[in-house]
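First the structure, in the form of structure tokens, and then the observations on it.
Computed from a predicted structure; not experimentally measured.
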Amino acid sequence: MIKMEGVSKSYSTGTPALNNVSLHIRKGEFVFIVGDSGSGKSTLIKLLLRELTPTEGRIVVNKYELNKLKRRKIPKFRRNIGVVFQDFRLLKDRNVYENVAFAQRVVETPTRQIRKNVPAMLSLVGLAEKYKAKPKQLSGGEQQRVALARALVNNPPILLADEPTGNLDPRNSWEIMKLLEEINKRGTTVLVVTHNREIVNAMRKRVITVKKGIIVSDEEKGEYIDED
């Protein structure tokens with residue numbers, strides 16, 4: 001599902017953000033990517049979304065070879081990836097239903113289908129009753145669930161979650177992680193970038209640790225490794 005081979009990325013300052021990174025993520029895996037701030041995690045996510053291109057190496061995501069992807073094809077490629085961020089990124093002037101429906105309208109889903117898909121997705125994330133609420137009327141945990149529903153409503157084969165629990169208290173963090181696990185059980189490949197040591201250690205998934213732009217460990221049923 002995701003393949004990086006010998007990928008390096010240097011910024012204009014010449015500082016390498018990633019240095020000769022290779023990794024393979026299979027269909028249906030649940031993978032944590034961990035590491036301190038500045039380790040290269042965000043660069044890795046941006047490369048997978050084709051927001052950046054590598055200085056060296058090859059990246060294939062869901063059969064798209066990103067190095068060769070023409071600019072006009074980037075939107076189509078991104079429709080196959082659900083993305084959840086730390087800061088929710090909801091449309092503040094629209095209610096919960098409209099925030100989720102927006103992702104369907106972008107891909108020109110027929111209105112009849114939207115009316116079926118959006119309530120089903122809001123049910124999955126436990127927000128069926130809140131469909132008329134605006135983001136400011138919701139808690140942080142509820143806002144992240146809306147963001148998750150929006151990321152998943154088009155049924156993408158891959159979900160990238162960048163610090164999805166970064167702004168949440170422990171109870172809401174666990175609820176979001178349980179949802180991600182449920183989504184993974186339904187067949188979606190899930191990649192989570194996180195600093196949350198407790199969650200990583202408790203869930204015992206595959207853990208890839210990045211330090212100074214290099215993968216320093218890649219463990220099945222792994223734990224959060226201290227980088228001293």
From [X] atom [atom1] to [Y] atom [atom2], the distance as rounded to the nearest 0.5 Å:
X: Asp218; Y: His24; atom1: CG; atom2: NE2; result: 11.0 Å
X: Asn167; Y: Phe85; atom1: CG; atom2: CZ; result: 13.5 Å
X: Leu47; Y: Leu66; atom1: CG; atom2: CG; result: 8.5 Å

Closest heavy-atom pair and its distance - [X], [Y]:
X: Pro135; Y: Lys92; answer: CD-O, 3.8 Å
X: Gln104; Y: Gln113; answer: OE1-O, 4.3 Å
X: Val153; Y: Met121; answer: CA-CE, 4.0 Å
X: Arg150; Y: Leu90; answer: NH1-CA, 3.7 Å
X: Pro164; Y: Ile176; answer: CB-CG2, 4.4 Å
X: Asn154; Y: Ala103; answer: ND2-O, 3.0 Å

Using atom types as modelled and distance alone, determine if a side-chain donor or acceptor of [X] lies under 3.5 Å from a backbone N or O of [Y].
X: Thr209; Y: Gly35; value: no
X: Lys41; Y: Asp36; value: yes
X: Asn99; Y: Asn95; value: yes
X: Asn67; Y: Ile59; value: yes
X: Arg50; Y: Leu69; value: yes
X: Thr188; Y: Asn184; value: no
X: Ser8; Y: Glu56; value: no

Who passes salt bridge (Lys or Arg N to Asp or Glu O under 4.0 Å) against Glu175, sequence neighbours left out?
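So Glu175 forms a salt bridge (Lys or Arg N to Asp or Glu O under 4.0 Å) with Arg145, Arg171.
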Under the rule for salt bridge (Lys or Arg N to Asp or Glu O under 4.0 Å), what residues qualify as partners of Arg71, not counting sequence neighbours?
none
Taking Leu191 as the fixed residue, which of Ile81, Ile2, Asp162 is the one that meets the side chain to side chain contact (heavy atoms under 4.5 Å, CB included) rule?
Ile2
When you check the side-chain N and O atoms of [X] and [Y], is any donor under 3.5 Å from an acceptor?
X: Asn172; Y: Gln144; answer: no
X: Asn201; Y: Glu223; answer: no
X: Thr194; Y: Tyr224; answer: no

Show the numbers, then the answer: is there a salt bridge (Lys or Arg N to Asp or Glu O under 4.0 Å) between Glu220 and Arg26?
CA-CA 13 Å; Glu220 296 290 343; Arg26 296 178 299 278; 3.8 Å; yes
Should the pair [X]-[Y] be classified as a salt bridge under the 4.0 Å nitrogen-to-oxygen rule?
X: Glu181; Y: Lys205; result: yes
X: Glu219; Y: Arg206; result: no
X: Lys9; Y: Glu51; result: no
X: Arg105; Y: Glu98; result: yes

